[in-house]
Amino acid sequence: MVDAHNRWRDTVRVPHLRWNAQLANYAQEWANYLLRTNKFEHRSNSPYGENLASASGQMLSPSRVLDMWGNEVNDYNYASNSCTPGQMCGHYTQVVWRNTSEVGCAVARNDQKEVWVCNYNPPGNYTGQRPY
């Protein structure tokens, strides 16, 4: 997961992320909860940044998850620091957020689906700030 994140971070020349086991445990708790309750939502009042992904009928790899988030770059306009209306860019901007230094990720699976959670410290996506 760290390598997959850092490949995307290399594209905009921001420092690499380090793995944080505490963040990974935090992410695992939330991934387990989302799978168990069949919900798909961000943890409220978290002190960390968070990206979510899910899939049914397939097993995603770390590279595939990061490419799902990273490919949001196609809808991100750096000059205006905005996303194409109706599209999502926040996963991408969190992945490449310059000031984020640590990541921890987890996946929870059952026979029907899987849920991926990554938590970021410090968090990104502050309104009015550019990611890099």
Side-chain angles (χ1 to χ4, degrees):
M1 281 307 278
V2 173
D3 288 345
H5 274 86
N6 288 335
R7 279 193 294 277
W8 279 99
R9 293 175 69 84
D10 284 345
T11 67
V12 293
R13 298 184 180 102
V14 295
H16 281 183
L17 297 178
R18 296 181 314 273
W19 185 257
N20 180 306
Q22 180 181 343
L23 288 176
N25 290 336
Y26 190 76
Q28 190 67 65
E29 288 176 4
W30 194 241
N32 292 344
Y33 168 80
L34 293 175
L35 187 67
R36 183 177 66 252
T37 61
N38 199 31
K39 293 183 178 182
F40 191 71
E41 61 194 21
H42 288 286
R43 189 187 300 231
S44 61
N45 301 315
S46 175
Y48 306 115
E50 184 174 77
N51 278 351
L52 305 176
S54 70
S56 297
Q58 60 181 316
M59 288 181 64
L60 299 175
S61 67
S63 292
R64 177 86 189 279
V65 171
L66 264 296
D67 286 349
M68 288 167 54
W69 296 333
N71 284 329
E72 291 177 3
V73 67
N74 297 322
D75 292 306
Y76 177 67
N77 182 312
Y78 183 82
S80 65
N81 193 29
S82 64
C83 194
T84 302
Q87 299 301 311
M88 179 81 64
C89 296
H91 301 104
Y92 165 71
T93 54
Q94 176 59 85
V95 167
V96 298
W97 198 264
R98 173 182 294 283
N99 294 333
T100 298
S101 59
E102 300 176 311
V103 65
C105 302
V107 62
R109 292 184 176 105
N110 63 22
D111 292 341
Q112 287 88 33
K113 71 183 218 178
E114 62 184 32
V115 177
W116 292 74
V117 177
C118 286
N119 287 118
Y120 302 88
N121 186 46
N125 289 338
Y126 288 101
T127 302
Q129 294 184 22
R130 283 188 166 72
Y132 48 87

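Being a predicted model, the structure only gives us computed values, none of them experimental.
- The neighbour count for Q22 CD, taken as heavy atoms of other residues, nucleotides or ligands under 6.0 Å away, does not exceed 12.
- Residue-environment remark: CZ (R109) exceeds the threshold of 12 foreign heavy atoms within 6.0 Å.
- To the nearest 0.5 Å, atom CG of residue D67 and atom CZ of residue R64 are 8.5 Å apart.
- A donor and an acceptor atom, one from each side chain of Q28 and N32, are located under 3.5 Å apart.
- Inter-residue side-chain proximity for W97 and Q129 is flagged as met; some heavy-atom pair is nearer than 4.5 Å.
- Between the CH2 atom of W30 and the OG atom of S46 there is a distance of 9.5 Å, given to the nearest 0.5 Å.
- By the rule that hydrophobic residues join a cluster once side-chain heavy atoms approach within less than 4.5 Å of another member, L60 and V117 end up as members of separate clusters.
- Checked by atom type, the side-chain pair S82/N77 shows no donor-acceptor distance below 3.5 Å.
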Exercise for the section: Report the C-alpha distance between C83 and M88 in whole Å, list the side-chain angles of each, state the deciding distance to 0.1 Å, and finish with yes or no for side-chain contact (heavy atoms from CB on, under 4.5 Å). Expected result: CA-CA 7 Å; C83 194; M88 179 81 64; 5.6 Å; no
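- Separation of atoms CG (L17) and OH (Y120) is listed at 7.5 Å; rounding is to 0.5 Å.
- Checked options T84, T93, N81; the residue passing with Y76 is N81 (criterion: side chain to side chain donor-acceptor pair (under 3.5 Å)).
- Using bins of under 30°, 30° to 60° and over 60° for the plane-to-plane angle, the ring pair Y132/Y92 lands in the perpendicular bin.
- In this structure, Y126 OH and N99 CG are separated by 9.0 Å, a value rounded to the nearest 0.5 Å.
- Note that the CZ atom of R43 and the CD atom of E29 stand 5.5 Å from one another [nearest 0.5 Å].
- Interatomic distance, C105 SG to E50 CD, rounded to the nearest 0.5 Å: 10.5 Å.
- Residue pairs that meet the disulfide bond (SG atoms under 2.5 Å apart) test with at least one member in residues 2-44, sequence neighbours left out, do not exist here.
- In this structure, the side chains of L34 and E41 come closer than 4.5 Å at one or more pairs of heavy atoms.
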